[in-house]
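For the single chain, residues carry numbers from 1 onward in sequence order. Since this is a predicted model, take the numbers as computed values, not measurements. Both ligands and their constituent atoms are indexed starting at 1 by order of listing.
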Amino acid sequence: TTKPITPLTTMTTITTITPITPTTNLTTLSNIFGLEGDVDLQFLLVGGKLMKIKSSSWKKDRMYKLHDDNATIWHESHRIFKRKQTFSIDDVDSVRKGRQSEGLQKHTEAHVEDRCFSIFFKGRRRNLDLVATSVEEARQWVNGLEKIISNMKKLNRQQTSEHWIFNCMRKADKNKDNMMTLKELKHFLRQINIEVDETYAKLLFTKCDTSNSGTLEGSEIKHFYDLLTHREEIDVIYEKHAATGGQMSAQDLLNFLLNEQREVATLEDALRLIEKYELDDSAKHMNHMTKDGFLMYLQQEEGSIFNPAHKKVFQDMSQPINHYFISSSHNTYLMEDQLKGPSSTEAYIKALMKSCRCVELDCWDGAHGEPVIYHGHTLTSKVLFKDVIKAIKEYAFKTSEYPVILSLENHCTLEQQKLMAKHMISILGSALLTSPLEDQMPTAFPSPQELKGRFIIKGKRLNKLDAVFSNTSPGVEDDCVSEEDEAAETNNSKTDTNEQKKSKIKLAKQLSDLVIYCKSVHFSGFEHAKDNQAFYEMSSFKESKAVNLAETAVYYIHFIMHLSRIYPAGSRTTSSNYNPVPLWNAGCQIVALNFQTPSKEMDLNQGRFRSNGLSGYILKPEFQRYAGSEFNPMTLTKGPWIKHKAFHIMVISAQQLPKLNKDKPKSIVDPLVKVEIYGVPADTCSKETRSIENNGFNPMWNETFQFDIQVPELAMLRFLVEDYDATSQNDLIGHYCLPLTSLQNGYRHVPLLTKRGDVIPSAGLFVHLMLLDAK
Ligand SMILES: *[C@@H]1O[C@H](CO)[C@@H](O)[C@H](O)[C@H]1NC(C)=O
Ligand SMILES: *[C@@H]1O[C@H](CO)[C@@H](O)[C@H](O)[C@H]1NC(C)=O
């Protein structure tokens, strides 16, 4: 569509705008990074030769260098620096020194270890494996890149936003003369997702071109930037509360925090915010907050929708682990689908870095006596068991220090099982739990606190755990157990009963002995479990069976002394996911999802575990933690779980939504916002705004919605921004999900994430929220 947006009302009040001071100029970011003159950065700007490794036979020298925007890496192909051959530092997830990628381990020799490094990207892009000409150069590349990445992460929202806008300007400035013609300006507006009509573009241009030179340069560009980034809705809010000579005094700010933001705040808090966010020295000196300072505050963590206190571990971590929801992954080794996709240690690293606390290992006999991991009965590639254990050891506790459960599905012969046990003991060392923490037979689980930094093996065990404490009992020998085979279900999904495929295998004593708190047993009904199952004995349920059981949820609640693990049906050969919410409602702890598959279900998982310091453990509500609880999410009888709330939300505006179709420079998004609640069935609900044509830069909706919430402790709020499409499905622009109990009331910014869950640096939503006790 090409309909123009209505000109910004600011055009008429052009002279009254207080300019936001851009902290960047058109040529460099190093000043805002504070890295000017940094030796490693200088090194990157000059660049150098690196050998790119694709396979054992494809190893080629390439020139790489940092572009002088300090944000893009160029690399040479066919002897010239081509603009296309670049990647943006924004897209880099991490840099790893040494042979820390599968490619480098496979295709290079150990002696180049100190010259190697790999660049990992967000999303699906394949990592870049590189070998520098010397150890010193490798060090400089890694240091330089890490400095830029960490500084990029430290930029505040305003700086990110400037960075984004200036990058777009640079792209629009075709002849690189740091001046903008009308034609370049129009191109630029399209880059930043605004469609403007000819007249408006000309008007904007003439307003800013005070020198009448026919181009915008220097301060004119800055003026143009100020007009563009002006936020009308912020003006309205600011003016309402700026009751002290047109500015906000500390007391005015306090009134705002108390009355609009509904925070428990004191004058000290207001003064602290002024100290932290006010940039204007004379205002700061008077303990006043200007509009720019106010916008700055609203864009930082204090002004974010997500309660900053929940960014840290704030829940009681000293309860038994069965009292928590545990972030869990299924078929963790898979990068893609489960019929032919690659298996990789990288997939474990990705899941662990997202604070997944239960990973799965499907173990099979491999060549040369070494056990391997892959999806049995399929063409997925194989990885060595020991390589996976090494990767897990290295990355398990980087995001969260709380315990990691290694869920073993064992199809190996005795010989290779013994090797599995040996590898785990030697690689994981003292972090591996090999005996109960207690010195007599425990009757309940230890807590995440007590198990910090430990690995817990989940698998079959030959005998009861009590045997550990009875030194009179003769040690057991290798014996038969039945092993569930989740992969085998793929083949007969049509004739699918609710049973797992089972095969009798011989279990090695050495492996059995490593199973302490998570012994897998076959589930033979809740009645049987109640009478026969020890606390450390747990079962796995396929999603369909689990959902059936969950519909009579009282059973699960009675079952909470045990852990239960739910996994996706084998028939999901594309690694799609099932809805985890009904299972959390029923109190299941280990609801395993395909982490590798971007999906609504993974958004919900990310939202569920966003809170409590990304520990991967969320304490279940009190009514899901004791055996006699009569909570039933389906029937919702009266009880302490009903905390009736009225939730009001106004979707005000969005900022800098990314362009979806980069190939079609003319296409501009028509955004709409969906607001969804996930929780008990009675609370589950979705509402949406109208779509706004042709404006992804600063669309404004001002639409309000109300939700009635019965069980807030199980509810999650999800935002979805989509590009409206009249003829086909809307396209996803961004999303964000969080527990309802972790939101802050009042005027808030909502970050937006890509389909794969990475933050879109400069984009966001602006909303007003009010979660109140219903009358
Ligand atoms: C939305 O509300 C703000 C603040 O009251 C107002 O300035 C703006 O004009 C409204 N915009 C629309 C599109 O309704
Ligand atoms: C199904 O099973 C057969 C034999 O049991 C096996 O050869 C085949 O690869 C399996 N196919 C899939 C898709 O798992």
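Residues satisfying the side chain to side chain donor-acceptor pair (under 3.5 Å) criterion with W701, sequence neighbours excluded, are T689.
Summary of contacts: the protein heavy atom closest to atom 11 (N) of ligand 1 is N702 ND2, 2.9 Å. With respect to atom 5 (O) of ligand 1, the closest heavy atom belonging to the protein is V236 CG1, 4.0 Å. Protein heavy atom nearest atom 9 (O) of ligand 1, with residue, atom name and distance: E232 OE2, 3.0 Å.
In this pair, Y747 and F766 present their aromatic rings parallel. The plane angle is below 30°, not in the 30 to 60° band.
The salt bridge (Lys or Arg N to Asp or Glu O under 4.0 Å) test with R748 is passed by exactly one of E302, E263, E260: E263.
Under a 4.0 Å N-O distance rule, the pair E233/R231 qualifies as a salt bridge.
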